[in-house]
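In what follows, a structure is listed as structure tokens, so that the remarks can point back to it.
Whatever order the structure lists them in is the order used to number ligands and atoms, beginning at 1. The first residue of the sequence shown is numbered 1, and numbering continues consecutively from there.
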Amino acid sequence: MVSFPVRGSTQAPAKINLHLAIGEKRNDGFHSLLSIFQMVDLFDRIELTIKPQPVLSVEIEMDGMQAVENNTMELAATLFLERVGITGEVTITCKKQIPEKAGLGGGSSDAAAVLLLLNRLYEYPLKAEQLLKLGSEIGSDVPFFLGDTPCACVEGRGEYLTPLAHRGELVGFIVMPEGPGISTAKAFAALDAHRGANGVQKSTLGKEKLIAMYAEEPGKWRFTNDFRAVVGSLAPLYDLLDNLMGEFPGCFGTLSGSGAAYIIIGEKKDEIEVIRTKLEKMAVNVTICDIKSLHRGHSGDTV
Ligand code: C5P
């Protein structure tokens, strides 16, 4: 039996894409993809309260400011409560740490965190597969964040997940360029325009190869990101970062998602520190944020 007011908090982790191959545009307008998603220890903090009311209303505050309409958390709470048949006045506050328009999955992770928290607070009215279906209505990356696997090979539009076996810890940092970030929808449109009549080039990196590569040391990774071809005015910055990574053959650097975050990752903290110091001396206009890979339960729930 649930007693009002319902209250809980949780944290929503970021993801990085170690590899991202974009396939054809499907009939539903989404593109099929083949990607390696890795959760990392950068979190948004979410608090949720529900008071009894005869109608459903959802209010979202992000860092003390009212959120834009159709925020992914608003959508998640509204869809969940409608499906389960609950009314009330819902207040969600979110302290953002994950940069937006970065390719780090912040909006999708926030939505998944709200769904998981609500399902727990209401004693699991929705089964895992119902949550997954609901999640994919909100965003392509939401199913990954609903799962309990911190690293997966992701296919389809984002709904088919193959969990990857635990490997040694990855350490590194996110390089976030100053500026407005990159809209996912615009990046997909730019990629379609760039490919034009030539369509999709078939990659030699199939799923099995990707999974085997993930287990190797980052210096041996040959992962790629198709969005790298359409980064526009950020190309000089990423070229500089790629060149920098060329000096550190034990580590790996890549654009995450459709950008704008660039990830530098390896297995040795001291090597990462050297890269970081070198980058800081280059006086490029970026924000740097340390990360490490998540392996197990990352929940910060206090229900
Ligand atoms: O699902 P999500 O909100 O991340 O998608 C944002 C936009 O990115 C979609 O509206 C679509 O234009 C594009 N997209 C796509 N193929 C995907 C994921 C996203 O074309 N697999």
**Request:** Can you tell me which residues line ligand 1 if we count any heavy atom under 4.0 angstrom from one of its atoms, in chain and number order?
**Result:** Gly29, Phe30, His31, Leu33, Gly139, Ser140, Arg157, Thr184, Ala185, Phe188
**Distance-only donor-acceptor check, side chains Ser109 and Lys15, under 3.5 Å** = no
**Request:** For Thr287 and Glu178, test the side chains for any donor-to-acceptor distance below 3.5 angstrom and give the result as yes or no.
**Result:** yes
**Request:** Mind telling me whether Phe223 and Phe252 have parallel, tilted or perpendicular rings, with 30° and 60° as the class edges?
**Result:** perpendicular
**Asked** Listed by chain and number, what are the salt bridge (charged side-chain N to carboxylate O under 4.0 Å, His left out) partners of Arg167, not counting sequence neighbours?
**Response** Glu267
**Message:** Would you say the rings of Phe227 and Phe188 are close, in the sense that their centroids are separated by under 6.0 Å?
**Reply:** yes
**Close side-chain approach of Asp44 to Asp110, heavy-atom, < 4.5 Å** = yes
